[in-house]
Amino acid sequence: MTTPLRRQAAETIAAALDHDAPLGAQEVMDLLAIPPDRSLGDLAFPCFKLAKALRTPPPKIAADLAGRLAHSAIFAEATAAGGYVNLRLALGAAAALVLPEMVDGLPEPTANRSERVMVEYSQPNTHKAFHVGHMRNLCLGDALVRLLRADGYEVIAANYFGDVGAHISKCLWWYLDRLTDAERVPPASGRGEWLGELYSSASNQLDAWEEAAKTGDETAAAQLAQARARTTEILLALEAREPAMTAEWQKTRAWSLDEFAEIYHWCGVQFDHLFYESEVDEAGLRIVEEYLAKGVFSESDGAVGVINEEVKHMPFFMLRKRDGTSLYSTKDLALARRKFDEHRIDRSIYVVDSRQSDHFRHVFLTLKKMGFTQADACHHVPYEMVELPSGPMAGRKGNVVLFRALRENMVAHVVDNYLAKYRGEWSDAEIGRCAHQLALGAIKYGMLARDVNQKIVFDMAAWLELEGNTGPYIQYATARAGSILRKVDEAGVKVPSLADRSHAAELLAALAEPEERELVTALDGLRPAVIQAARSLRPSLLCSELFELAKATNRFMTSKNCRVVQSDGNVRLARVALVAAAASALRWGLGRLGIEAPARM
RNA sequence: GCGCCCGUAGCUCAGUCGGAUAGAGCGUCGGCCUUCUAAGCCGAAUGUCGCAGGUUCGAUUCCUGCCGGGCGCGCCA
């Protein structure tokens, strides 16, 4: 990952290498490392790779190279240590390469690649409640959209609502048959969640009857049979577009969708396109007919599917049930075709939990067999589940944290514990806005900071601590930096322009403290981290880098040797530039994760 | 049974082209607020990198086998 600083460092090293050395500037840059102890240097160049080509032991190469690098523009010091050359940056020159693009605020990303990428995420079911488990997907998908945009792609953020299927008929059964007229009135707000509770009640009741029926309870068995007949009836009525039932579906579906829209708004998530399962249902069945006729799909036990030998433990991928109705898989094929044909995407990303890994392997293999070359550019981003300290989330057992409670509790905690002291001093609007940003930052960062293949145990109490490696910690560093900049401004000092490179180097040569050195190098690491996170579809990489940057910023701001307002001359100006760069970089980096930093907190 | 994921400090986790004495947060213990926000900073202690082999100058990292945990495996989504 290239930055102006790393490029110049690599070019300097490459130029100093023996002509026999098989490394160009790019290879050198890829090898550049950070020494284990910063007292050794700011960068390190390992010489092991050169040993064979030069037929010289690494320590000898390192010693020779160190001698030749001692007096370059970018390095203040070069010392050999074993097979490594440890390099201390000439801080003014280094800062002049790092800070200019940051002091004025990093640019919002613009698409500069020809590739068009769609990220499909969130995919909630209507008629069900939205809970913390859904938040991981939402945060992950949103962050990937932002990261890919930062990497220059044109990205379509897409959602895919599960608005058909058995869960709908269960919910409607409860709503229509089991509620009294008085009960059948949704609350003024939170209708989606209310509907989710109905679904949950229905599901629990059916499970309970099923359990009882297994133990020989004939009443339960009869009730179960009756209920199943009714849910099937509802399902068929919906499939037949029977007007009265369709009207009920549309009404209740809208309650869910409205609430989802509200949730996304609160989360600061925007979709460019909304898909619905109900739109791809029939198209999916037509695809099954089409490719069955072409001989790509085949029948088995009355069902239709495709045989993907590559998935050894389960080669048969079912696409149409014996009763002729569609499946999740059927719709995914139709959806993929729409993505390719109507949205003309080159790359397709699916953010779906890891339990679906086999499903997506099958989907992509099937698309390939159907002739879609884009199948090679389909990626499933699997992630592990969110659990609660009390165990896996299970709606049935009531072991869930619903979105509304999550939001309210987080916001209330932030206000009570951190912002109450500003009452009267800040407007209520600012307190509310700040609490929103902090609560959301805590949730998003918590969901993103862990690698996707690690399970997350969501412990509300722990996340509310807001200490250590958390979103609010990074937001706090940002706010403090902003506070210094306000004081600087009050003192009548302007953030210096660094547009002129040689002037900038001269000014920034005033930086000398270890905390300043650490901050400059941490700033240099931000952009590569964003690119790496985007390329590997792993937002956690950026979280780690932001945490390091926030720590470096806090250390700088806490150090008595790095006062900004109380210093003078070029030292003050250089530090102003450094703080401005840090604030802007933190804000920008958080922004790539969908997290805002409050102006003050 | 087959497939995927996980196993690193008391706890939660980084460590993804194999490289220096294996890191961070929390917790514990001890310091730092008349000085730019103490939601902060500094210091200390803590390890059989699940186990056993193999490849290598060098393995937490790559390969093989095993142990432990999670998830998935034809008419749910």
Exercise for review: Sugar-phosphate means primed atoms, P, OP1 and OP2; the rest is base. With that split, encode nucleotides 66-77 of chain B 5' to 3' as B, S or - using protein heavy atoms under 4.0 Å.
Suggested key: -----SBSBBSB
Distances for protein N/O vs nucleotides 20-31 of chain B N/O pairs under 3.5 angstrom?
unit_1: A20(B); atom_1: N6; unit_2: Asn86(A); atom_2: OD1; d: 3.0
unit_1: A20(B); atom_1: N1; unit_2: Asn86(A); atom_2: OD1; d: 2.9
unit_1: A20(B); atom_1: N1; unit_2: Asn86(A); atom_2: ND2; d: 3.2
unit_1: A24(B); atom_1: O3'; unit_2: Lys551(A); atom_2: NZ; d: 3.4
unit_1: G25(B); atom_1: O2'; unit_2: Asn469(A); atom_2: N; d: 3.4

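Counting only N and O atoms by type, the side chains of Ser390(A) and Asn399(A) include a donor and acceptor under 3.5 Å apart. Under 3.5 Å, the side chains of Asp163(A) and Thr126(A) contain no donor-acceptor pair of N or O atoms. No donor-acceptor contact under 3.5 angstrom links the side chains of Asn554(A) and Tyr476(A), judged on distance only.
Distance CD1 (Ile474(A)) to C1' (A39(B)): 13 Å, rounded to an integer number of Å. At whole-Å resolution of the value, CE in Met557(A) and C1' in A39(B) are 12 Å apart. Here G58(B) presents its C1' atom at 11 Å from NZ of Lys49(A), a figure rounded to the nearest Å. Rounded to whole Å, the distance from CD on Gln475(A) to P on G40(B) is 13 Å. Across the protein-nucleic acid pair, Asp30(A) atom CG and G18(B) atom P stand 13 Å apart, rounded to whole Å. The CG-C1' distance, from Asp353(A) to C5(B), rounds to 12 Å in whole Å. A straight line from CZ of Arg450(A) to C1' of C11(B) spans 11 Å, rounded to a whole angstrom. One atom, CD of Glu515(A), and another, P of C32(B), lie 19 Å apart when rounded to the nearest Å.
Below 30°, between 30° and 60°, or above 60°: for Phe161(A) and Phe260(A) the angle between ring planes is below 30°, a parallel geometry. Under the 30°/60° scheme for interplanar angles, the aromatic rings of Phe360(A) and Phe364(A) are found to be tilted.
Atom P of G1(B) sits at a distance of 49 Å from the matching atom of A44(B), rounded to the whole Å. When the C1' atom is compared between U37(B) and G47(B), the two are found 37 Å apart, to the nearest whole Å. Distance noted for atom C1' between C49(B) and C13(B): 13 Å (whole Å). Comparing the P positions of G7(B) and C62(B) gives an interatomic distance of 11 Å, to the nearest angstrom. With both ends at atom P, the span from G23(B) to A39(B) equals 30 Å, rounded to whole Å. When the P atom is compared between C57(B) and G10(B), the two are found 35 Å apart, to the nearest whole Å. Nucleotides C4(B) and G43(B) are separated by 44 Å at their C1' atoms, to the nearest Å. Taking the P atom of each, G54(B) and G58(B) are spaced 12 Å apart, rounded to whole Å.
Both Leu541(A) and Leu438(A) sit near RNA chain B, but only Leu541(A) has its closest nucleotide nearer the 5' end. For the pair Trp426(A) and Phe48(A), nearest-nucleotide mapping onto RNA chain B gives the more 5' position to Phe48(A).
Asp451(A) comes within contact range of at least one nucleobase, with a heavy-atom separation under 4.0 Å. Counting any heavy atom pair closer than 4.0 Å across all strands shown, Ile307(A) reaches no nucleic acid atom. Note on Tyr476(A): a base of the nucleic acid sits closer than 4.0 angstrom, heavy atoms only. Cys47(A) comes within contact range of no nucleotide atom at all, as no heavy-atom separation falls under 4.0 Å. If you check every strand for non-hydrogen atoms under 4.0 Å, Lys487(A) touches sugar and phosphate atoms only. Counting non-hydrogen atoms under 4.0 angstrom, Ala477(A) reaches nothing in the nucleic acid.
U28(B) is paired with A44(B) under the Watson-Crick or G-U wobble criterion, all donor-acceptor distances under 3.5 Å. Judged by Watson-Crick or G-U wobble contacts below 3.5 Å, the nucleotide A38(B) has no partner. Of all nucleotides present, only A52(B) satisfies the Watson-Crick or G-U wobble test against U64(B), with each distance under 3.5 Å. Pairing for C71(B) goes to G3(B), judged as Watson-Crick or G-U wobble with the two contacts each under 3.5 Å. The pairing partner recorded for A20(B) is none, the criterion being a Watson-Crick or G-U wobble arrangement whose two distances lie under 3.5 angstrom.
Side chain of Arg6(A) to backbone of Met29(A): a donor-acceptor contact under 3.5 angstrom is found. Asp451(A) places no side-chain N or O within 3.5 Å of a backbone atom of Ser540(A) that could act as its donor or acceptor partner.
Taking only side-chain atoms of Tyr418(A), from C-beta outward, the nucleotide of C41(B), U12(B), A39(B) with the closest atom is A39(B). Considering only side-chain atoms of Met601(A), the nucleotide from G15(B), A39(B), C36(B) that sits closest is A39(B).
The number of heavy atoms from other shown groups lying within 6.0 Å of CD (Glu282(A)) does not exceed 12.
Of the listed residues (Thr232(A), Val164(A), Thr231(A)), just one forms a side chain to side chain contact (heavy atoms under 4.5 Å, CB included) with Ser169(A), and that residue is Thr231(A). The one candidate from Leu593(A), Leu590(A), Leu448(A) that meets the side chain to side chain contact (heavy atoms under 4.5 Å, CB included) condition with Leu542(A) is Leu593(A).
Under the 6.0 Å cut-off for aromatic ring centres, Tyr383(A) and Tyr121(A) do not qualify, their centroids lying 6.0 Å or more apart. For His359(A) and His362(A), the ring centers sit 6.0 Å or farther from each other.
In terms of phosphate contacts, Arg480(A) brings no side-chain nitrogen or oxygen within less than 4.0 Å of OP1 or OP2 of A39(B). Within the 4.0 Å cut-off from OP1 or OP2 of C41(B), not a single side-chain nitrogen or oxygen of Arg555(A) is found.
The pair Arg555(A)-Glu515(A) does not count as a salt bridge, with every side-chain nitrogen at least 4.0 angstrom from each carboxylate oxygen.
C26(B) has its base anti relative to the sugar, with a glycosidic angle deviating from 0 by more than 90°. C41(B): glycosidic angle beyond 90° from 0, hence anti.
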